[in-house]
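Shown next, in structure tokens, is the structure this report addresses.
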Amino acid sequence: ISACLVGSEMCIRDSTKLNLERGIMETNELLNYVYENAKMGKESCDTLLKELDGKENKIIDAVEDILKDYEDFEIKAKNMLVDDDREEPNMFARISASMGIKMKTKSDNSDANIADMLIEGLTMGELEISKKIENTKKSTNKEVCNLACNFKKFQKNAIVKLKKFL
């Protein structure tokens, strides 16, 4: 009987260790997701503002506000990540986003078109982070989960603000 107890105790210990490791991995994955998306959003807004430089678009102030929020989330997530665990956004995705913004603003730099581009990106980001939060909320560090939830809330609020430009 004592051998069974020792075996079951080992099983519980190993199971607890695996759950802890899974929680750490999911926490880092969620944190990296916020970091990468905040950085991509920041870079996209920065590219967009450069394309709008010297133009009289009414949406510029809204884009600058969104840029500041992206910068804040990038910094918060970066500070929470261990350098070895931080993943930078995919270079191809970054170049593709930048080129897409430049092409779309050259063909139509109206406030409605810019709002549409931003809403599209924010909506995709909100949907993805919603899935990630739902899939990891039970095992993720609460501070990281709160950051991800605040990032989701920021995206949702930004979409509402941008809709007035459509």
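With rounding to the nearest 0.5 Å, the separation of CD1 in Ile101 from CD in Glu43 is 9.5 Å. Atom OG1 of Thr47 sits about 12.0 Å away from atom CE of Met99, to the nearest 0.5 Å. Summarising the geometry, atom NZ belonging to Lys164 is positioned 9.0 Å from atom CD1 belonging to Ile59; distances are rounded to the nearest 0.5 Å. Distance check: Leu48 CG to Asp53 CG gives 11.5 Å after rounding to the nearest 0.5 Å. Note that CD of Glu143 and NZ of Lys76 are 10.5 Å apart. Values are rounded to the nearest 0.5 Å. In this structure, NZ on Lys163 lies 11.0 Å from CG on Asp116, to the nearest 0.5 angstrom.
Remark: Glu128 engages Lys131 in a salt bridge, criterion side-chain N to carboxylate O under 4.0 Å. Salt bridge Lys152/Glu126: absent, no basic N to carboxylate O contact under 4.0 Å. Under the 4.0 Å criterion applied to side-chain N and carboxylate O atoms, Glu26 and Lys138 are not assigned as salt-bridge partners.
Here Leu127 pairs with Thr123 under the side-chain contact (heavy atoms from CB on, under 4.5 Å) rule; sequence neighbours left out. Every salt bridge (charged side-chain N to carboxylate O under 4.0 Å, His left out) that Asp46 has, sequence neighbours left out, goes to Lys50.
Side chains of Leu122 and Leu162 form a contact here, defined as non-hydrogen atoms less than 4.5 Å apart. Side chains of Leu118 and Cys45 form a contact here, defined as non-hydrogen atoms less than 4.5 Å apart. Leu31 is not listed as a side-chain neighbour of Thr140, based on a closest heavy-atom distance of 4.5 Å or more. Side-chain contact between Glu51 and Ile114: absent, with no pair of heavy atoms (C-beta onward) separated by less than 4.5 Å.
Taking each heavy atom of Lys142 and Lys137 in turn, the nearest pair found is NZ-O, 3.8 Å. Taking both residues in full, the closest heavy atoms of Ile133 and Cys145 are given as CG2-SG, 4.4 Å, listed atom of the first, atom of the second, then distance. Here the shortest heavy-atom pairing between Tyr33 and Lys132 reads CD1-CE, 3.3 Å.
Side chain of Asn113 to main chain of Asn109: no donor-acceptor pair is present (N/O by atom type, distance under 3.5 Å, no hydrogens or angles). With hydrogens and angles disregarded, no donor-acceptor distance shorter than 3.5 Å links the side chain of Asp111 to the backbone of Leu166. For Asn150 (side chain) and Asn146 (main-chain N/O), a donor-acceptor pair under 3.5 Å exists by modelled atom type. Asp108 places a side-chain N or O within donor-acceptor distance of the main-chain N or O of Ser110, the cut-off being under 3.5 Å.
The environment of Glu64 atom CD is dense: over 12 non-hydrogen atoms of other residues, nucleotides or ligands sit within 6.0 angstrom. For Lys55, the NZ atom counts as densely surrounded, since its 6.0 Å shell holds more than 12 non-hydrogen atoms of other residues, nucleotides or ligands.
In terms of hydrophobic clustering, with Ile, Leu, Val, Met, Phe, Trp and Tyr side chains grouped at heavy-atom distances under 4.5 Å, Met40 and Phe151 are assigned to different clusters. Both Leu49 and Ile119 are part of a single hydrophobic cluster, where members link through side-chain heavy atoms under 4.5 Å apart.
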*Show your reasoning for whether salt bridge (charged side-chain N to carboxylate O under 4.0 Å, His left out) applies to Lys42 and Glu71.*
CA-CA 6 Å; Lys42 178 189 83 170; Glu71 288 172 336; 5.7 Å; no
*Residues Tyr70, Phe154; criterion ring pair (Phe, Tyr, Trp, His ring centres under 6.0 Å); working and verdict*: CA-CA 9 Å; Tyr70 273 131; Phe154 145 69; 5.0 Å; yes
*side-chain contact (heavy atoms from CB on, under 4.5 Å) between Ile129 and Asn37: does it pass, once the steps are laid out?*
CA-CA 9 Å; Ile129 197 137; Asn37 282 277; over 6 Å; no
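Applying the side-chain contact (heavy atoms from CB on, under 4.5 Å) test between Leu147 and each of Asn141, Leu30, Val34 identifies Val34 as the sole match.
Residue pairs meeting the ring-ring contact (aromatic ring centres under 6.0 Å, His included) criterion with at least one partner in residues 101-136, sequence neighbours excluded, are absent.
At least one cation-pi condition fails for Lys78 and Tyr35: the charged atom is not both under 6.0 angstrom from the six-membered ring centre and inside a 45 degree cone around its axis.
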